[in-house]
Amino acid sequence: MRNILVTGGAGFIGSNFVRMVLAEQPDCLVVNLDKLTYAGNLENLAEYLEHERHKFVHGDIGDAALVERLIDEYAIDAIVNFAAESHVDRSITGPKIFIDTNVSGTLTLLEAARDKNISRFVQVSTDEVYGSLGSEGMFTEQTPLSPNSPYSASKASADHLVCAFGHTFGLPYNITRCSNNYGQYQFPEKLIPLMINNAVNDKDLPVYGDGMYVRDWLYVYDHCTAIWRVLEKAPSGEIYNVGGCNEKPNLEVIRLILDHLGKPDSLIKYVKDRPGHDRRYAIDASKMIDELDWRPSVTFEEGIVKTMDWYLSNTTWLANVVSGDYQKYYETMYSGR
Ligand code: NAD
Ligand code: DAU
């Protein structure tokens with residue numbers, strides 16, 4: 001049996017990863033530590049909460065005593081760190097919690113991993129640590145870190161700490177840097193689920209700036225298979241870019257959603273831009289493909305249809321996440337734009 005500590009496993013990508021591991025890896029026990037912030041949702045794991053190989057623990061990655069106890073109690077041999085504050089817009093209005101969780105919280109996990117001789121620490125990072133691209137080129141693992149938002153600066157700090165723990169203390173580690181994910185269970189503060197939810201409800205679709213910002217979209221299941229592949233196969237100390245070769249301007253994604261849902265383009269509303277908005281991300285994932293034999297399983301055209309159909313069939317999940325605090329968030333974030 002392989003016992004892994006997954007942090008942030010009630011969030012979007014973490015819950016997809018937990019579901020995938022429980023379904024596909026019969027020899028793996030998952031201890032899932034999550035603080036259940038606004039982005040953490042146990043409904044993402046509904047059928048798996050009582051699963052015999054899944055132990056959910058409500059807690060903070062910054063709680064050193066708790067992390068150490070879990071490592072001992074479950075004989076943990078690897079940690080996969082998804083836990084983070086993940087939304088760029090929120091990092092602009094309130095950066096402090098991003099430092100607390102993404103930097104200090106990661107440091108707490110690293111200290112526990114070092115002290116308990118964990119055999120592998122996988123840090124789930126982002127392509128945003130590389131900064132922004134012009135119209136040409138792609139991020140490789142050698143691209144210098146140049147983060148632009150408080151969110152990406154906190155993730156880059158965490159990446160540096162992970163490498164420093166490898167270099168200084170010999171902690172075995174990997175870092176994955178992935179492009180934009182989409183798919184089931186994504187909280188509707190992010191572009192794709194926000195646009196689906198608004199379009200379904202005939203609400204305006206708020207497009208930042210000219211809508212020609214480019215993101216490189218990866219279906220969430222494919223990100224999860226990449227992380228598992230790294231955990232299983234990667235030599236310690238290696239960093240891997242993960243991406244789907246699916247560069248799209250935001251407007252193209254939004255028009256595709258409107259088209260699939262049979263809604264008019266007139267719902268598009270151009271609003272004030274995000275401060276410091278990165279123009280373009282594009283990932284060169286050839287190291288993952290050549291060295292770890294990983295490939296995305298779906299094209300963007302297949303994945304986006306699966307995603308829209310999932311949101312259309314999971315109206316209770318969506319209704320629950322957009323009730324209460326989400327309404328206040330939406331009002332605050334979008335009323336002045
Ligand atoms: P998310 O916001 O959906 O989920 C984050 C999860 O972390 C939530 O369940 C939350 O409750 C939990 N959490 C937050 N603070 C915590 C703390 N202090 N202790 C324990 N748990 C805590 O995020 P996501 O989109 O699933 O992203 C997961 C990871 O992947 C993040 O590290 C993010 O930086 C990275 N990433 C995300 C994307 C993307 O497109 N969403 C792309 C690349 C990398
Ligand atoms: O690249 C990986 C990153 O992708 C992850 O590290 C982050 O955790 C994740 O949130 C995501 O960051 P982005 O800022 O790229 O994602 P977001 O969905 O917030 O925005 C995608 C694009 O859509 C971006 O150009 C901003 C634009 N946008 C977003 C929202 C929410 C809009 O035009 N309108 C909106 O209402």
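Residue numbers start at 1 and run along the sequence shown. We count ligands from 1, going down the list as the structure has it; atoms in each ligand are counted the same way.
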### Query
Got the closest protein heavy atom to atom 27 (O) of ligand 1, with its distance?
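Ranked first by proximity to atom 27 (O) of ligand 1 is I13 CD1, 3.7 Å.
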
### Message
Can you report which non-hydrogen protein atom sits closest to atom 40 (O) of ligand 1, along with the distance?
### Response
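Protein heavy atom at minimum distance: N181 N, 2.9 Å.
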
### Task
Would you confirm whether the ring centroid of H277 sits within less than 6.0 angstrom of the ring centroid of Y213?
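Yes, the ring of Y213 comes within the 6.0 Å limit of the ring of H277, centre to centre.
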
### Query
Are the aromatic ring centres of F187 and F12 under 6.0 angstrom apart?
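For F187 and F12, the ring centres are not under 6.0 Å apart.
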
### Query
Any idea which atoms of ligand 1 are less than 4.0 Å away from a heavy-atom of V124?
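Atoms satisfying the 4.0 Å criterion: 30 (O), 32 (O).
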
### Flag, side chain of R255 to backbone of N250, donor-acceptor distance under 3.5 Å
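Flag not set: sc R255 to bb N250 has no pair under 3.5 Å.
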
Using atom types as modelled, flag every donor-acceptor pair under 3.5 Å from a side chain in residues 111-118 to any protein atom, sequence neighbours excluded.
{"from": "K116", "atom 1": "NZ", "to": "D72", "atom 2": "OD1", "distance (Å)": "3.4"}
{"from": "K116", "atom 1": "NZ", "to": "D72", "atom 2": "OD2", "distance (Å)": "3.0"}

### Message
Can you tell me which portion of D100 lies within the under-4.0 Å heavy-atom range of ligand 1? Options are side chain, backbone, both, or neither.
### Response
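No part of D100 comes within reach of ligand 1.
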
#### Entry: Min heavy-atom dist M195 to ligand 2 below 4.0 Å
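Right, M195 reaches ligand 2.
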
### Query
Is ligand 2 less than 4.0 angstrom away from at least one heavy atom of E189?
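Yes.
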
### Message
Side chains of S119 and D77: any donor to acceptor distance under 3.5 Å?
### Response
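No pair is found: no donor N or O on one side chain lies under 3.5 Å from an acceptor on the other.
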
### Query
Would you say ligand 2 has an N or O under 3.5 Å from any N or O of L191?
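L191 vs ligand 2: N/O contact under 3.5 Å present.
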
